[in-house]
2 protein chains.
Amino acid sequence: MAKFDVKQEVTDKFSLRGRVFHKLRDDILSGKYAEHEELKEVAIGEELGVSRTPVREAFRQLELEGLIQIIPNKGAYVTGITEKDVRDIYMIRSLLEGLCARWATEHITKEQMEEMEENVYLAKFHADKGHWEQLAELDNRFHDIMYEACDSKMLEHQLKDFHQYVLRVRKKTLNNANRGSKSNEEHEKIMLAIKAGDADLAEKLANEHISNAYENMVKNGLYEAYQK
Amino acid sequence: MAKFDVKQEVTDKFSLRGRVFHKLRDDILSGKYAEHEELKEVAIGEELGVSRTPVREAFRQLELEGLIQIIPNKGAYVTGITEKDVRDIYMIRSLLEGLCARWATEHITKEQMEEMEENVYLAKFHADKGHWEQLAELDNRFHDIMYEACDSKMLEHQLKDFHQYVLRVRKKTLNNANRGSKSNEEHEKIMLAIKAGDADLAEKLANEHISNAYENMVKNGLYEAYQK
DNA sequence: ATCTGCATAATTGTATACAATTATGCAATC
DNA sequence: GATTGCATAATTGTATACAATTATGCAGAT
């Protein structure tokens, strides 16, 4: 009577299609392919040692993830993201993260609260030591905890969708200046607001947290990777 | 030097895969398939007179549209939407429509503004006459105008995504009571706020518009179609 | 030199064959 | 009767062949 697993990831890591999907996604996000570059089915297939069928299916998924665009009978092209797109994404995400923090305040479990506290204190340690790799990992994890804690698969899905875009710019954001520790200080405030049950404050702080991340990114000129 | 068409719909209406995609989407949204019903590749293919290949690709798209869920090596199942999911969707959409109204206030063109006014006044006429079909059509169109007017392909994409879910509940909402004319009165207020350049008011009204639509839906018990 | 028309090549769209996995039914066992 | 094991069927996953569409290059006209 077990219902099918709702937590199932949309992409299967073990099928050929799943491997193609993950490989292409990583390559696009890491910048291996230029924007607007055309992806050929046979070329990708030969590179990975698979036929066109799984490649085509991976293409359909990447299209709806917003990473490529398929034009019928022509080809698949890596999507371009403009400066305005990035700004819009951060503004939308700011709203949604705020709502997520609000709902998390209302629904977080004891275990999730404990992991969130642990995350903040561990991140403080790594920030002091300058361990940017671990810090970035913990930063991602903090947000994932909040997504899970908000107890809404709809909102979680939306926010994780945005993550695909955000990853294209955010990966370098925590390395420079002291955004890393600054970010974690903001996490701590959000965490404390959630712990105190102050949903209004949590929402406001989460809003600002994303806005600040955006401001920091602009200040450091990470836009350069994107077309005007 | 023409760049590829960014406005291109994600699904091609003329390819076999496109036809399968649209057919299945309509059938799912219209309730032809029960929730959690399994969709078999061969059965769908035979019904539409096509092979499994275009069916499989349509499945991958429907999955990312959130209408079905594919479990590797098992099958494709129509997604279930719980009452909580519906509530979450409307709350998220309320936020995003508010942002959309704000941006529309800042970016709407003269032509779009005129179409929006025309939409409202035409809808008033049909509401008086009790033409619910046309009213529903105009209602959808009003929101599409606003999505286009906000001048953000990212936000537009998000809101249209939600539309897939919302269509499953909203289609009957305008038929009963006087929600139809009530909805249009709210459209008019939003339109006037946008025309007056009052972004704060437009945002607030758009927020409330979606909330009201949700409240109305709950009041009329449209939830019954969904699992607990 | 540029443009047009057409033959050819390259690429995507679809159908089908086969492999791998999962579901089903039934007999044997307890 | 319930359960296990296994043979069989049903279904999905992948590869490949062929069709349809689009891109390319070149000859000839202007």
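Treat the numbers as computed from the prediction; the structure is a model and nothing was measured. Heavy-atom basis, side chains included; hydrogens, waters and symmetry copies ignored. First the proteins, then the strands, lettered A, B, ... as listed; each starts at 1.
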Check your understanding: What is the distance from CD of B:E57 to C1' of D:dT12, rounded to the nearest Å?
Key -> 15 Å
Exercise for review: Would you mind reading off the distance between B:L48 atom CG and C:dT14 atom P, rounded to a whole angstrom?
Suggested key: 13 Å
Review point. Side chains of B:E137 and B:H126: is there a donor and an acceptor less than 3.5 Å apart?
Key: no
Exercise for review: Taking only the side-chain nitrogens and oxygens of B:R17, find out if one of them lies under 4.0 Å from OP1 or OP2 of C:dG13.
Suggested key: no
Check your understanding: Does a side-chain N or O from B:K40 land closer than 4.0 Å to OP1 or OP2 of D:dT11, or not?
Key -> yes
Exercise for review: In whole angstrom, give the distance that lies between atom CZ of B:F59 and atom P of D:dT14.
Suggested key: 16 Å
**Study point:** Residue A:N73, side-chain atoms from C-beta onward, closest of C:dT21, D:dT14, D:dT21
**Key:** D:dT21
Check your understanding: Are any non-hydrogen side-chain atoms of B:N207 and B:E97 less than 4.5 angstrom apart?
Key -> no
Check your understanding: Hey, is A:R87 close enough to A:E83 for a salt bridge, meaning N to O under 4.0 Å?
Key -> no
**Study point:** Distance-only donor-acceptor check, side chains A:T82 and A:D85, under 3.5 Å
**Key:** yes
Review point. Under 4.0 Å between a side-chain N/O of A:S51 and OP1 or OP2 of D:dA15, yes or no?
Key: yes
Check your understanding: For B:E41 and D:dT11, what is the distance between atoms CD and C1' respectively, to the nearest whole Å?
Key -> 8 Å
**Study point:** Protein-nucleotide distance (A:R52, atom CZ; C:dT14, atom C1'), rounded to Å
**Key:** 9 Å
Review point. Base, sugar-phosphate, or nothing: which does B:S15 touch, judged by heavy atoms less than 4.0 Å apart?
Key: sugar-phosphate
Point to revise | A:R19 side-chain N/O to D:dT14 phosphate OP1/OP2 under 4.0 Å | key: no
Review point. Does the side chain of B:Q61 pick up a donor-acceptor pair with the side chain of B:R17 at under 3.5 Å?
Key: yes
Check your understanding: Given atom CD of B:E38 and atom C1' of C:dA23, what is their separation to the nearest angstrom?
Key -> 10 Å
Point to revise | Nearest-Å distance for atom pair CZ/P, residues A:R60 and D:dT14 | key: 16 Å
Practice item. Measure the distance from CD1 on A:I70 to C1' on D:dT21 and round it to the nearest whole Å. Key: 16 Å
Practice item. For D:dA23, take OP1 and OP2 only and decide whether either is under 4.0 Å from a side-chain N or O of A:K74. Key: yes
Check your understanding: Counting only side-chain N and O atoms of A:R56, is one of them less than 4.0 Å from OP1 or OP2 of C:dG13?
Key -> yes
